[in-house]
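Some notes on the structure that comes next.
Every number for a ligand or one of its atoms is a count from 1 in the order of the listing.
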Amino acid sequence: MTYESILYASADGIARLTLNRPDRLNSLNTAMHAELRDALSRVAADGSRVLMLSGAGRGFCAGQDLGDRQVTGGGARADLGESIERNYKPLILALRDLPVPTLAAVNGVAAGAGASLALACDLVVATYSASFIQAFSRLGLVPDSGATWILPRLVGRARALGLAILGEKLSAADAVQWGLIWRCVDDAAFAGFVEELARTIAAGPTRGLVRTRQAIDAAQTQTLAAQLDLERDFQRELGYTDDYAEGVAAFTEKRAARFSGR
Ligand code: T3D
């Protein structure tokens with residue numbers, strides 16, 4: 001598939017996926033959704049060990065392209081449920097189920113489903129000048145693309161509702177303080193910081209890191225006993241991996257581990 005709305009390249013174990021409609025703040029249209037689905041299906045197959053998601057230009061992603069939602073004469077209505085079912089739900093699930101760790105490099109504003117896209121990643125880092133906006137209430141909609149699921153889990157009910165009802169801009173610095181994202185960095189240092197982070201993750205025990213994501217997500221709905229069972233099962237599996245053998249050998253030999261993701 002030829003990409004027109006995104007850029008995708010994989011090298012040195014890092015899959016770099018860039019939303020690439022900068023004049024529309026990388027808002028999501030039907031073509032971009034199709035390209036994202038295609039690119040995400042390639043990530044594991046091309047040997048990548050981490051996915052880095054970012055945006056071209058000054059924004060990360062402004063959510064749904066509202067140019068596709070123009071209502072003329074106040075009469076038109078759209079089946080947004082169909083749009084969620086066809087595009088947003090598969091996108092968030094594909095990201096969440098990706099067999100490699102995911103890193104959102106939020107280079108600018110992330111609004112509406114654009115914020116949800118970032119928050120679906122395992123690590124979210126942002127420039128100081130970036131911001132997060134639950135823009136949905138400005139349109140009379142509910143937060144979507146997993147926002148109602150992830151927001152209260154990350155920041156608690158009071159802050160989730162405040163963000164969702166008021167639709168105000170949350171600065172990257174406040175997003176860190178609130179526990180919405182992992183870290184924010186000076187704009188000038190951002191590119192180098194995310195590159196180094198992506199390299200670190202790609203060189204890590206990526207199979208175990210994905211199991212870690214799955215375990216933490218499962219804990220949202222499980223009892224402690226069920227979670228202990230899941231940890232047992234994952235640990236049993238990981239105990240047979242090359243990465244575990246390498247980790248123990250590296251510790252014993254007092255050297256850095258060389259993980260393979262196997
Ligand atoms: O519909 C469904 O399928 C249901 C699913 C919905 C999911 C959603 O994401 S709903 C939420 C949709 N997104 C928004 O409501 C955000 C709309 N954008 C904004 O509020 C602002 O653009 C921002 C706060 C994000 C950034 O503001 P600012 O001042 O930095 O930039 P700007 O000047 O508003 O935008 C720059 C350009 O991008 C501008 O175009 P122009 O005037 O230079 O030709 C603007 O129209 C365009 N743009 C920004 N966001 C969108 C967009 N064009 C289309 N769709 C957008 N979402």
Side-chain angles (χ1 to χ4, degrees), residues 4-7 17-37 40 53-96 104-121 124 126-152 154-155 160-175 178 180-181 184 187 190:
E4 290 177 359
S5 314
I6 65 169
L7 302 172
L17 202 171
T18 308
L19 308 175
N20 192 30
R21 301 179 69 227
D23 56 327
R24 302 287 94 193
L25 292 184
N26 304 316
S27 54
L28 294 137
N29 60 13
T30 307
M32 189 189 273
H33 274 289
E35 293 175 17
L36 284 170
R37 277 195 294 275
L40 291 178
L53 177 64
S54 194
R58 71 176 177 89
F60 176 74
C61 176
Q64 168 63 36
D65 184 337
L66 296 176
D68 289 355
R69 297 285 180 270
Q70 294 304 321
V71 176
T72 48
R77 300 289 187 268
D79 181 355
L80 301 185
E82 214 265 331
S83 162
I84 300 291
E85 189 63 35
R86 181 193 299 243
N87 289 322
Y88 289 97
K89 183 178 163 189
L91 173 60
I92 297 301
L93 290 179
L95 254 186
R96 207 69 184 184
V106 181
N107 53 299
V109 64
S116 305
L117 195 57
L119 297 178
C121 291
V124 187
T127 57
Y128 266 109
S129 61
S131 56
F132 296 81
I133 307 175
Q134 294 300 311
F136 308 92
S137 60
R138 299 179 183 183
L139 304 172
L141 300 177
V142 293
D144 66 26
S145 307
T148 57
W149 187 88
I150 196 105
L151 279 178
L154 292 175
V155 300
L161 279 170
L163 289 171
I165 289 173
L166 299 175
E168 289 174 357
K169 182 184 284 193
L170 186 73
S171 70
D174 282 345
W178 286 22
L180 189 74
I181 67 171
C184 66
D187 292 29
F190 187 64

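At a heavy-atom cutoff of 4.0 Å, ligand 1 is contacted by the side chain of Leu139 but not by its backbone. At a heavy-atom cutoff of 4.0 Å, ligand 1 is contacted by the side chain of Asp144 but not by its backbone. At a 4.0 Å heavy-atom cut-off, ligand 1 does not touch Asn87 at all.
The two residues Phe136 and Gly112 come nearest to each other via the heavy atoms CZ-C, 3.2 Å.
Within 6.0 Å of atom CZ in Arg86, 12 or fewer heavy atoms from other residues, nucleotides or ligands are found, so the atom counts as exposed in its surroundings.
The shortest N or O to N or O distance between Leu66 and ligand 1 is below 3.5 Å. Here's the thing with Ile84: none of its N/O atoms is less than 3.5 angstrom from an N/O atom of ligand 1.
For atom 9 (O) of ligand 1, a protein non-hydrogen atom is found at a distance below 4.0 Å. When distances from atom 16 (C) of ligand 1 to the protein are checked, a heavy atom turns up under 4.0 Å. Protein heavy atoms are absent from the 4.0 Å sphere centred on atom 45 (C) of ligand 1.
Among all non-hydrogen protein atoms, the one lying nearest atom 1 (O) of ligand 1 is Arg69 NE, 2.7 Å. The protein heavy atom nearest to atom 49 (C) of ligand 1 is Leu25 CD1, 3.8 Å. Atom 24 (C) of ligand 1 has its closest protein heavy atom at Ile133 CD1, 3.6 Å.
Looking at Asn107, its side chain never comes within 3.5 Å of a backbone N or O of Thr127 through a donor-acceptor pair. Between the side chain of Asn26 and the backbone N or O of Ala56, at least one donor-acceptor pair lies under 3.5 Å.
Among Ala62, Ala135, Ser131, the residue whose heavy atom lies closest to atom 13 (N) of ligand 1 is Ala62. With distances taken over non-hydrogen atoms, the option nearest atom 3 (O) of ligand 1 out of Gly167, Cys61, Ser83 is Ser83. By heavy-atom distance, the residue among Arg21, Arg24, Arg58 lying nearest atom 36 (C) of ligand 1 is Arg58. Around atom 20 (O) of ligand 1, the closest heavy atom drawn from Lys169, Arg138, Gln134 belongs to Arg138.
For the pair Ser116 and Ile150, the minimum side-chain heavy-atom distance is 4.5 Å or more.
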